[in-house]
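Single-structure report; data block below.
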Amino acid sequence: TVRWKKTSLSYRIAGRKLPISAAKVHKVFRAAWKLWSSVAPMKFRKRDRREADIVISFHNGDHKDGSPFDGKGGILAHAFLPGSDIGGDVHFDADEDWSFNSTGFSLLAVAAHEFGHALGLPHSSDPGAVMYPAYSFAPNYELQLSFRDVKDVQHLYG
Ligand SMILES: CC(C)C[C@H](C(=O)NO)C(=O)N[C@@H](CC(N)=O)C(=O)NCc1cccc(N)c1
Ligand SMILES: [Zn+2]
């Protein structure tokens, strides 16, 4: 299993292609990190310096990392497992209708899922898990980690 050797990680939101207001995106990402840091001894700090551990960005189609996006629907985002350079980075498909309410794809739900991958978590077979492969809409206030998510992240970092 691949995991970070340190418990304090920095993340940077790169690029200008934010589909929605930067303030809202920052708020959603902080909330998504909080889901994981509330059950594992990890700290996540936003850093604007280049050498952040985790770089988060939005891209359309082929963005030269070997895993091109596919327009609306289908692949929503992907993340690289812990490691240097691109390790831990998270890419969101800029062609999706990202949203904070009931329409479109919930940026919070997808971020929580991708951040799980960035911590080293694979997909989980538990349909209620944030790490379940397929997206299922839940209102933001209802989004929470399943027992399986907690067990899996504590297995890595607990
Ligand atoms: C093979 C992977 C690159 C697929 C990609 C994924 O799992 N990224 O982490 C992905 O975007 N999967 C879609 C599958 C789909 N279109 O239903 C997804 O929704 N993943 C993100 C997601 C978001 C929120 C919750 C869950 N369970 C999954
Ligand atoms: Zn996934």
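All ligand and atom numbering here is 1-based and tracks the order in the structure.
No heavy atom of A79 sits closer than 4.0 Å to any atom of ligand 1.
Looking from atom 27 (N) of ligand 1 to the surrounding protein, the closest heavy atom is Y132 O, 2.4 Å. The shortest contact between atom 22 (C) of ligand 1 and any protein heavy atom is with H113 CG, 3.6 Å. Looking only at heavy atoms of the protein, atom 15 (C) of ligand 1 is closest to G74 O, 3.9 Å. Looking only at protein heavy atoms, the nearest one to atom 1 (C) of ligand 1 is I75 CD1, 4.4 Å.
The pair K151-D149 does not count as a salt bridge, with every side-chain nitrogen at least 4.0 angstrom from each carboxylate oxygen.
Contact annotation: H78 places no N, O or S atom under 2.8 Å from the Zn ion (ligand 2).
No donor-acceptor pair closer than 3.5 Å links the side chain of W33 to the backbone N or O of R45.
For H78 and H117, the ring centers are positioned 6.0 Å apart or more. Less than 6.0 angstrom separates the ring centroid of F92 from the ring centroid of F29.
H123 has its closest N, O or S atom to the Zn ion (ligand 2) at the position named NE2.
Scanning A118, A77, A111 for the heavy atom closest to atom 6 (C) of ligand 1 points to A77.
Proximity to L76 (heavy-atom distance under 4.0 Å) selects the following atoms of ligand 1: 10 (C), 11 (O), 18 (C), 19 (O). Of all the atoms in ligand 1, the ones that sit under 4.0 Å from a non-hydrogen atom of A109 are 24 (C). Within the listing of ligand 1, atoms 17 (O), 19 (O), 23 (C), 24 (C), 25 (C), 26 (C), 28 (C) sit less than 4.0 angstrom from a heavy atom of Y135. Proximity to H123 (heavy-atom distance under 4.0 Å) selects the following atoms of ligand 1: 7 (O). Residue H117 approaches ligand 1 through these ligand atoms, each under 4.0 Å from one of its heavy atoms: 9 (O). Close approach of ligand 1 to E114 is summarised as follows: ligand atoms under 4.0 Å from at least one heavy atom of the residue are 8 (N), 9 (O), 21 (C).
Under the 30°/60° scheme for interplanar angles, the aromatic rings of Y11 and F115 are found to be tilted.
Considering every non-hydrogen atom in both D62 and P68, the closest pair reads CA-CB, 3.6 Å. Closest of all the heavy-atom pairs between Y135 and G104 is OH-O, 4.1 Å.
At a threshold of 4.5 Å between non-hydrogen side-chain atoms, the residues M131 and D152 do not count as touching.
More than 12 heavy-atom neighbours from other residues, nucleotides or ligands sit within 6.0 angstrom of CD on Q154.
In terms of hydrophobic clustering, with Ile, Leu, Val, Met, Phe, Trp and Tyr side chains grouped at heavy-atom distances under 4.5 Å, M42 and L35 are assigned to a common cluster.
By the criterion of a heavy-atom distance under 4.0 Å, the backbone of P133, and not its side chain, is placed next to ligand 1. For V130, every heavy-atom contact with ligand 1 shorter than 4.0 Å involves the backbone, none the side chain.
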